[in-house]
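Here the structure is laid out as structure tokens; the discussion comes afterwards.
The analysis underlying the following values was restricted to heavy atoms, covering all of them including side chains, and did not include hydrogens, waters or symmetry mates. In what follows, residues are counted from 1 in the order of the sequence shown.
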Amino acid sequence: DAVKKAEAAAQAQARVVETARAKTIPFRAAVLKEERAVSAARVALAEQRLALETHKRRMELLEAYVARDQLDAQVALAQRTVAAKQAAVGAAEIRANAHKPKLAEAARDAAAAAHEKQAAAGLLAQAREKLAHAAAVEKSLAAARAALEQTLQLAADDAELKSALRQIQARGDVLTRPIPTLAAAVDAARVRLARANDWLTAATRTQDQAATELNRLEQSLAAARKQVAQAEAVVAAKAAERAAAADQLASMLGDAFHIAALKPLSAEQLCWSLLKTTGVYDRTQAAVAAELDKKKPLPPGAARDPAAIRARALEIEALLYEKLNGNLGPFVRMYAAGEGQPQDQFFATADQALFVSNGGAVNSWVAPAGGNIAERMIRERDPRKAVEDLYVTVLSRLPGPDESTEAVRALETAAAKKPAVVQELVWGLLTSAEFRFNH
């Protein structure tokens with residue numbers, strides 16, 4: 001009886017609990033719904049924040065690109081300004097150098113004029129001195145003649161006095177005869193001196209003007225040189241800003257994993273990169289996956305199970321590595337440093353060149369097969385598209401104009417031997433320095 005009562009009590013209590021639980025079911029459903037909504041909102045908010053952060057990084061990167069391009073334009077403009085200023089300096093130097101002979105000529109002319117003035121002044125002084133002497137002689141003779149004439153008035157019959165008077169008169173005529181010529185010489189000397197003064201005045205004025213013009217040209221040259229120095233300082237400053245902007249952009253690109261430092265691929269990296277680029281890796285992976293699916297198929301529903309998918313991917317990766325790992329040995333022997341040597345230094349040897357030139361492995365990988373780049377190029381009828389596919393596949397970039405022209409010419413020239421030419425082109429890029437370096 002006690003057991004029955006206990007069971008009845010327990011059942012009654014269970015009904016109460018079930019009733020209470022039934023009442024909470026709608027609330028629990030509502031709470032779960034709200035929790036899912038909140039969770040979805042949090043996920044959406046996180047995605048929005050991530051998108052916003054990504055957008056901000058992209059905007060910062062674009063702004064860095066714009067800043068660098070603007071500084072490129074400013075540096076180019078500053079360099080053109082320097083070139084223009086340097087041309088102005090050259091023109092100013094030409095004008096100044098061309099004017100220096102004019103100043104020298106004006107100085108020589110002024111010196112000649114000064115010499116002529118000095119000579120004319122000397123001649124004038126000499127002429128004046130001779131004229132003054134002749135005038136003094138004339139005056140003295142006139143005085144002597146007057147004295148004799150006065151004496152003759154007192155002694156009119158004195159023949160000797162009369163003879164002396166005639167001799168004085170005759171001698172006076174002789175001595176005073178050059179006076180007009182001397183006067184004319186004085187006048188001529190005055191005229192010559194006046195002309196020399198005018199010449200000297202004009203030559204001095206020309207010399208002063210030439211000196212003033214040369215000074216102006218030299219000042220203009222100095223100003224032009226100063227402007228060149230200022231323009232060069234602007235170029236240096238803009239170049240420094242541009243270098244800083246480029247460094248900042250490189251840092252941002254590096255942080256975003258868009259670029260990396262230039263470094264050679266390790267022996268293992270080079271081997272796996274060649275296997276991947278030539279399609280050997282993908283073909284082997286597909287064969288391993290097909291073989292594994294045949295021998296060990298996934299159970300029903302596993303295709304929707306992330307854990308099962310990941311486990312199968314790891315299994316395929318392990319088998320793939322096992323099949324291709326044997327190719328690493330020759331690359332390690334050829335490209336890796338020896339024991340005790342620095343492992344991070346680049347070196348190239350003749351053995352490496354012979355290995356990629358004559359080694360059967362690399363040459364067999366380059367052969368067209370399984371839709372690899374060589375096979376796609378052979379199928380492509382447009383040689384330009386084939387070359388673009390080649391460069392994008394091997395070097396992850398489009399070919400430059402010269403590269404495209406050269407490769408297209410090779411394909412068009414040897415159309416009858418297209419497979420061989422294609423393999424040569426693929427081999428050439430695979431063995432290039434650009435492929436061997438991680439950049």
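- Under the 4.0 Å criterion applied to side-chain N and carboxylate O atoms, Arg57 and Glu60 are not assigned as salt-bridge partners.
- A perpendicular orientation is assigned to the rings of Phe331 and Phe355, their planes being inclined by more than 60° (bins at 30° and 60°).
- To the nearest 0.5 Å, atoms NZ (Lys385) and CD (Glu380) are separated by 6.0 Å.
- Leu411 has its side chain within reach of Val387: a pair of non-hydrogen atoms, C-beta onward, lies under 4.5 Å apart.
- A donor-acceptor pair is defined here as one N or O able to donate and one able to accept, closer than 3.5 Å; no such pair exists between the side chain of Ser357 and the backbone of Leu354.
- The number of heavy atoms from other shown groups lying within 6.0 Å of CZ (Arg171) does not exceed 12.
- Within the 3.5 Å criterion, the main-chain N or O of Ala147 finds a donor-acceptor partner in the side chain of Thr151.
- With hydrogens and angles ignored, the 3.5 Å screen pairs no side-chain donor or acceptor of Arg192 with any backbone N or O of Leu123.
- Taken to the nearest 0.5 Å, the OG1 atom of Thr278 stands 11.0 Å off from the CD1 atom of Ile373.
- A salt bridge links Arg225 with Glu93: the closest approach of a Lys/Arg side-chain nitrogen to an acidic carboxylate oxygen falls below 4.0 angstrom.
- Residue-environment remark: CD (Glu160) stays at or below the threshold of 12 foreign heavy atoms within 6.0 Å.
- In terms of heavy-atom proximity, Ser432 sits nearest to Leu395 at OG-CD2, 4.2 Å.
- At a threshold of 4.5 Å between non-hydrogen side-chain atoms, the residues Asp293 and Arg312 count as touching.
- Heavy atoms only, all atoms of each residue included: Ile316 and Leu292 are closest at CG1-CD2, 3.9 Å.
- One N or O on the side chain of Ser364 and one on the backbone of Ala361 form a donor-acceptor pair closer than 3.5 Å.
- In plain terms, the two heavy atoms of Asn327 and Cys271 that are nearest each other are O-SG, 3.7 Å.
- The shortest heavy-atom contact between Val75 and Ala239 is CG2-N, 3.8 Å.
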Run the side-chain contact (heavy atoms from CB on, under 4.5 Å) test on Gln352 and Arg436 for me, step by step, so that the C-alpha distance in whole Å, both residues' side-chain angles and the decisive distance to 0.1 Å come before the verdict. CA-CA 12 Å; Gln352 294 173 359; Arg436 188 172 176 183; 2.9 Å; yes

Show, in sequence, the C-alpha distance, side-chain angles and deciding distance for Glu53 and Arg49, and conclude whether the side-chain contact (heavy atoms from CB on, under 4.5 Å) test is met. CA-CA 6 Å; Glu53 187 65 25; Arg49 286 177 176 173; over 6 Å; no

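- A side-chain donor-acceptor contact under 3.5 Å links Thr204 to the backbone of Leu200.
- No side-chain heavy atom of Gln79 sits under 4.5 Å from any side-chain heavy atom of Val82.
- Residues Thr277 and Leu430 form a side-chain contact, since some pair of their non-hydrogen atoms from C-beta on lies under 4.5 Å apart.
- For the pair Thr212/Gln209, no side-chain contact is recorded, criterion being any heavy-atom separation below 4.5 Å from C-beta on.
- The shortest side-chain heavy-atom distance between Leu265 and Ser273 falls under the 4.5 Å cut-off.
- Residues Leu71 and Ala245 come closest through the heavy atom pair CD1-CB, 3.6 Å.
- Taking all atoms of both residues into account, the shortest heavy-atom contact from Leu253 to Leu61 is CD2-CD1, 3.6 Å.
- Looking only at distances, no side-chain donor or acceptor of Ser163 sits under 3.5 Å from a matching main-chain atom of Ala159.
- Side-chain contact check for Glu218 versus His99: every heavy-atom pair is 4.5 Å or farther apart.
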Going through the distances and angles, do Trp365 and Leu275 end up as a side-chain contact (heavy atoms from CB on, under 4.5 Å)? CA-CA 7 Å; Trp365 297 346; Leu275 290 170; 3.4 Å; yes

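- By the 4.0 Å N-to-carboxylate-O rule, Lys102 lies too far from Glu105 to be salt-bridged with it.
- Residue pairs meeting the side-chain hydrogen bond (donor to acceptor under 3.5 Å, both in side chains) criterion with at least one member in residues 117-146, sequence neighbours excluded: Lys117-Asn197.
- Once rounded to the nearest 0.5 Å, the distance linking CD of Glu63 with CD of Gln70 reads 10.5 Å.
- For Lys276 (side chain) and Tyr281 (main-chain N/O), no donor-acceptor pair under 3.5 Å exists by modelled atom type.
- Between Arg190 and Asp187, at least one side-chain nitrogen of the basic residue sits less than 4.0 Å from a carboxylate oxygen of the acidic one, meeting the salt-bridge criterion.
- Around the CZ atom of Arg379, the shell of radius 6.0 Å holds more than 12 heavy atoms that belong to other residues, nucleotides or ligands.
- Other residues, nucleotides and ligands contribute only 12 or fewer heavy atoms inside 6.0 Å of the CZ atom of Arg58.
- The closest donor-acceptor contact from the side chain of Gln207 to the backbone of Ala107 lies at 3.5 Å or more, if one exists at all.
- In this structure, CD on Gln219 lies 10.0 Å from CG on Leu214, to the nearest 0.5 angstrom.
- For the atom pair CG (Asp208) and CG (Leu103), the distance works out to 9.5 Å, reported to the nearest 0.5 Å.
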Residue pair Met377, Leu425: steps toward the side-chain contact (heavy atoms from CB on, under 4.5 Å) verdict: CA-CA 10 Å; Met377 288 183 68; Leu425 290 174; 4.2 Å; yes

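- Contact check for Glu403 versus Arg397: side-chain heavy atoms found under the 4.5 Å cut-off.
- Trp272 meets the ring pair (Phe, Tyr, Trp, His ring centres under 6.0 Å) test with Tyr321; sequence neighbours excluded.
- For Arg216, the salt bridge (Lys or Arg N to Asp or Glu O under 4.0 Å) partners at least two apart in sequence or on another chain are Glu213.
- Between the CZ atom of Arg242 and the CG atom of Asp72 there is a distance of 4.0 Å, given to the nearest 0.5 Å.
- Between the side chain of Thr393 and the main chain of Leu390, no donor-acceptor pair closer than 3.5 Å is present.
- At distances below 3.5 Å, at least one donor-acceptor pair connects side-chain atoms of Asn372 with backbone N or O atoms of Ala367.
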